[in-house]
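The chains referred to below are lettered A, B, ... by the order of the sequence lines, with proteins before strands, and numbering in each begins at 1.
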Amino acid sequence: MPLKIKDLHRIHDWLWEVPKSYRSDMRVPARIFASEILLNDILRDRSIQQLINTTTLPGIIQAALAMPDTHEGYGFPIGGVVATVYPDGLISPGGIGYDINCGVRLLLSELNFPEIKPQLANLAAALNHAIPSGVGKGGKLKLSNQELDAVLTKGVKWLVEKGHALQEDLPKIESLGSLKEADPAMLSNHAKERGRGQLGTLGAGNHFIEVDRVAEIFDADSAAAMGLFQDQIVILMHTGSRGLGHQVASDYIRVMLKAMPSAGIHLPDPELAGMPFSSVEGQNYFRAMSAAANFAWANRQLIAEEAREAWSKVLGNAGGKLSLLYDVAHNIAKIEEYAVDGQKRQAIVQRKGATRAFPKQPVLIPGSMGTASYVLEGTEKSLEVSFGSTCHGAGRRMSRHAAQREINIEELKNSLQSQGIEIQAGSLRGLAEEAPQAYKNIDEVVAVVEKAGIARKAARLKPVAIVKG
DNA sequence: ATGTTC
């Protein structure tokens, strides 16, 4: 039965709850950060039913959480956070998603918009040329087995050793771009083969690299501390672990489904398939996921290098430096410590379409194509109410299929061009799925997370050039 | 998201 707004208890203006009493198999409540407007978008799909299903996971603590950009996903809603107790709580590949360590990275230039405007079309073309994109697309690098294992084991640390990253970049990457639990031996050959040629490639769907202008500064101190200024040109990228992470997810969903019956794990939806973190299957998945996460961080690092080269080629010495502001994941599992009911506890935090947002940390939120993106700052409160997490983007409000049916591609292209946005897109069909009408309103999503106290606005970005697969 | 239906 579809869920209605009356089934939800309003805790405050920006937080709603489905109480544990709603269904007998719930172990904790389900909580949704949303405004009434966004909740009406959210209730159009099955995301809240999916969220309720996740409250039944063995070992879940506090509550299952949905961010204001939440929408339906594989088993778990996208825009969700589930934390289970360490070490025996459930870990589920569906709680992290198929694109392991999908995330966002932001590079800051020293130039303002008027300074690069004459070169904008050239810059967009150079970025499109330098960075391979599209489904199944490979890159320049052909890694040997040993090199691929090194990327999987060490992530960006290996790229520093090889001169593809600066030591000073590392502290600006979540987990220093390297999860130590990673074990390449936990990946199938199939996963490795799919990933081998894909390092330094963008992919397709909602993945992109774009040139943005800082359109608005909200918090002068916080923006200045991050090195942001009005009209500054910055480069935003959104991508993940490509075919490699996808194959890891597929492989381990099968492993979990097979292992569950003898472990006595019963869940309301097979798409929630998982095993205790401490089990062999749980440990193997976590090590494989960590390796895929390292691959994704290395991927974003190499794309940043490619973007830096394209930038220099087009702008020459006058281009100056592109420095890394931050790189943050929004599809990942982490072991973190939280106070739950006054007690410090280790938790297996599973973020799927939810961004880590620790106090003082830059938080990067890409909006839908042609709209705004945001730089936020994490808060102390997120540690109390959202396992140090916030939203990850605008979040779909239309399925890919519905978007293809309803979006007129010519109108969409004209709309972007009339806004002065340079667009380089490999697939027109893919473009329709990313139309802003297919997504929720990013300004509304960000307003909610700020009002709920789980992130603070630092700056708003507007695209001037977009490159997509 | 994804060698877009192993």
Would you mind reading off the distance between A:E434 atom CD and B:dT4 atom P, rounded to a whole angstrom?
17 Å

Show the numbers, then the answer: is there a side chain to side chain contact (heavy atoms under 4.5 Å, CB included) between A:L179 and A:M289?
CA-CA 9 Å; A:L179 297 182; A:M289 184 224 68; 4.2 Å; yes

Rounded to whole angstrom units, what separation is found between the CD atom of A:Q404 and the P atom of B:dT4?
14 Å

Nearest whole angstrom, please: distance from the P of B:dT2 to the NZ of A:K468.
10 Å

Could you tell me whether A:R242 contacts a base, only the sugar-phosphate backbone, or nothing, with contacts defined as non-hydrogen atoms closer than 4.0 Å?
sugar-phosphate

Any ring-ring contact (aromatic ring centres under 6.0 Å, His included) pairs touching residues 172-204 of chain A, not counting sequence neighbours?
none

Calculate the interatomic distance between A:I253 atom CD1 and B:dT2 atom P; express it in whole Å.
15 Å

Any heavy-atom pair between the side chains of A:D41 and A:L38 that's under 4.5 Å?
yes

B:dT5 C1' sits how many Å from A:Y98 OH, rounded?
13 Å

Need one value for A:Q198: base, sugar-phosphate or nothing, where a base atom within 4.0 Å counts as base even if backbone is also close, heavy atoms only.
sugar-phosphate

Sugar-phosphate only, base, or nothing, as touched by A:A249 at under 4.0 Å among non-hydrogen atoms:
nothing

Could you state the NE2-P distance from A:H207 to B:dT2, rounded to the nearest angstrom?
5 Å

Gap between atoms NE2 and P, on A:H246 and B:dT5 respectively (whole Å)
10 Å

Whole angstroms only, please: what is the CZ-C1' distance between A:R254 and B:dT2?
15 Å

Assign A:H190 to base, sugar-phosphate, or nothing according to its heavy-atom contacts below 4.0 angstrom with the strands shown.
base

Contact class for A:E72 vs. all strands (heavy atom < 4.0 Å): base, sugar-phosphate, or nothing?
nothing

All N/O donor-acceptor pairs, side-chain side in residues 272-284 of chain A, below 3.5 Å, sequence neighbours left out:
unit_1 : atom_1 : unit_2 : atom_2 : d
A:S278 : OG     : A:P87  : O      : 3.4
A:S278 : OG     : A:D88  : OD1    : 2.5
A:S279 : OG     : A:P276 : O      : 2.6
A:S279 : OG     : A:G282 : N      : 3.0
A:Q283 : NE2    : A:F277 : O      : 2.9

